[in-house]
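Please see the structure below; I have some questions.
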2 protein chains.
Amino acid sequence: MRHIRRLDRELKKGSAELLVLSLVEPQPRHGYEIGKLIERRSQGALRFNAASLYPLLYRLEKRGWLHGRWVEKAGQRRRRYYRLTPEGRRVLGRQRRGWAAFVEAVRLITGLEHA
Amino acid sequence: MRHIRRLDRELKKGSAELLVLSLVEPQPRHGYEIGKLIERRSQGALRFNAASLYPLLYRLEKRGWLHGRWVEKAGQRRRRYYRLTPEGRRVLGRQRRGWAAFVEAVRLITGLEHA
DNA sequence: TGTAATATGTGGCTATGCGACATATCAGGC
DNA sequence: GCCTGATATGTCGCATAGCCACATATTACA
């Protein structure tokens, strides 16, 4: 991944959950922070629109995989911090295995070595 | 990828093009054969429904990435064989790089090592 | 005769990412 | 005081693509 190329929209579908769950595993984070982390860690290759990210967080909370709470501090806008629930942790494990299986399946079919 | 688990539907989106283009690269193949190859090479982990595969082949042909022709032989049902066009070959190269970049981006964000 | 595999095709449903737009706070420059 | 940009969250409607269910036809085999 040398040049910053915007990645295919369809390819991203279904990967967002794994990314979000992974990022809130070590510590609670708020939505904007998650979005920026995805962008920075991928060196700009991967970016999720706010119109994707916030509804996703809402879905993950509704499913009981994340727990969110509002935090208001003086000198800061309101933020909603999300932490991983026990069930979210189990789902993350399943998604990690699922992702590895998927990458391996594509490798087997295409004969591609991964970067 | 030990046990044959059906992979997440959303995860598959966007990967089908790369798989099909890869499979018809060395030789022309027909739709049913492509479907079976995906299933066998991935050891059953990845499977595309006919309702995904045939419309996809139609789209790839319409875009000029594949060229299809009907082949009828005695003792066989009619088959539509697809071969890669020169443009399809260029697209395949782009998609391979895009896939590698995507996998690498997910790895950077999640810290996951791929299987 | 019946079942399974081969081979292709379609209508409607669903899930999800995105463009465009909206709102509000805060920092910094002019 | 005003403007711009970053921070922070949110929604409406659109487009894409995989799937369920169903349909059709031929061949192979018990």
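In what follows, every chain begins at residue 1, and chains take the letters A, B, ... in the order their sequences are listed.
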Upstream residue (5' side of DNA chain C) when F48(A) and Y54(B) are each assigned their closest nucleotide: Y54(B)

Calculate the interatomic distance between N49(A) atom CG and dG13(D) atom P; express it in whole Å. 17 Å

Can you tell me how far P of dT24(D) sits from CZ of R78(B), to the nearest Å? 14 Å

Gap between atoms CG and P, on D8(B) and dG17(C) respectively (whole Å): 11 Å

Aromatic plane relationship, W99(B) with F102(B) - under 30° parallel, 30 to 60° tilted, over 60° perpendicular: tilted

Salt bridge (charged side-chain N to carboxylate O under 4.0 Å, His left out) evaluation trace for K13(A) with E10(A): CA-CA 5 Å; K13(A) 288 188 178 174; E10(A) 295 302 324; 3.2 Å; yes

At less than 4.0 Å, is any side-chain N or O atom of R77(A) found next to OP1 or OP2 of dA8(D)? Yes or no. yes

Find out whether L57(B) and I34(B) are in side-chain contact, i.e. whether some heavy atom of one side chain is under 4.5 Å from a heavy atom of the other. yes

Would you kindly compare S15(B) and A50(B) by the position of their nearest DNA chain D nucleotide and give the one closer to the 5′ end? S15(B)

Under 4.0 Å: is that the gap between some side-chain N or O of S52(B) and OP1 or OP2 of dC19(D)? yes

What is the distance from CD of E39(A) to C1' of dC18(C), rounded to the nearest Å? 15 Å

When you get a sec, tell me which of dC20(D), dG9(C), dA8(D) is the closest nucleotide to the side chain of A51(B)? dC20(D)

Find the distance L19(B):CG to dA17(D):P and express it as a whole number of Å. 14 Å

Select from H30(B) and P55(B) the residue whose nearest nucleotide in DNA chain C is closer to the 5' end of that strand. H30(B)

With the side chain counted from C-beta on, respond yes when L53(B) and V20(B) share a heavy-atom pair under 4.5 Å apart, and no when they do not. yes

Take the protein atom NZ of K36(B) and the nucleotide atom P of dA7(C), then report the distance between them rounded to whole Å. 10 Å

Flag, side chain of K12(B) to backbone of R47(B), donor-acceptor distance under 3.5 Å: yes

May I have the distance from L53(B) (atom CG) to dG9(C) (atom C1'), rounded to whole angstrom? 12 Å

Can you name the nearest heavy-atom pair linking E87(A) to R63(A), along with the distance? OE1-O, 3.9 Å

Of all the heavy-atom pairs spanning P28(B) and R83(B), show the shortest one and how long it is. CG-CB, 4.0 Å

When the distance from CG of L56(B) to C1' of dT8(C) is rounded to whole Å, what number comes out? 14 Å

When you check the phosphate oxygens OP1 and OP2 of dT7(D), does a side-chain N or O of Y32(A) lie under 4.0 Å from one of them? yes

Between protein and nucleic acid, restricted to nucleotides 14-16 of chain C and to nitrogen or oxygen atoms under 3.5 Å apart, what atom pairs and distances do you find?
unit_1: dT16(C); atom_1: O2; unit_2: K13(A); atom_2: NZ; d: 3.2

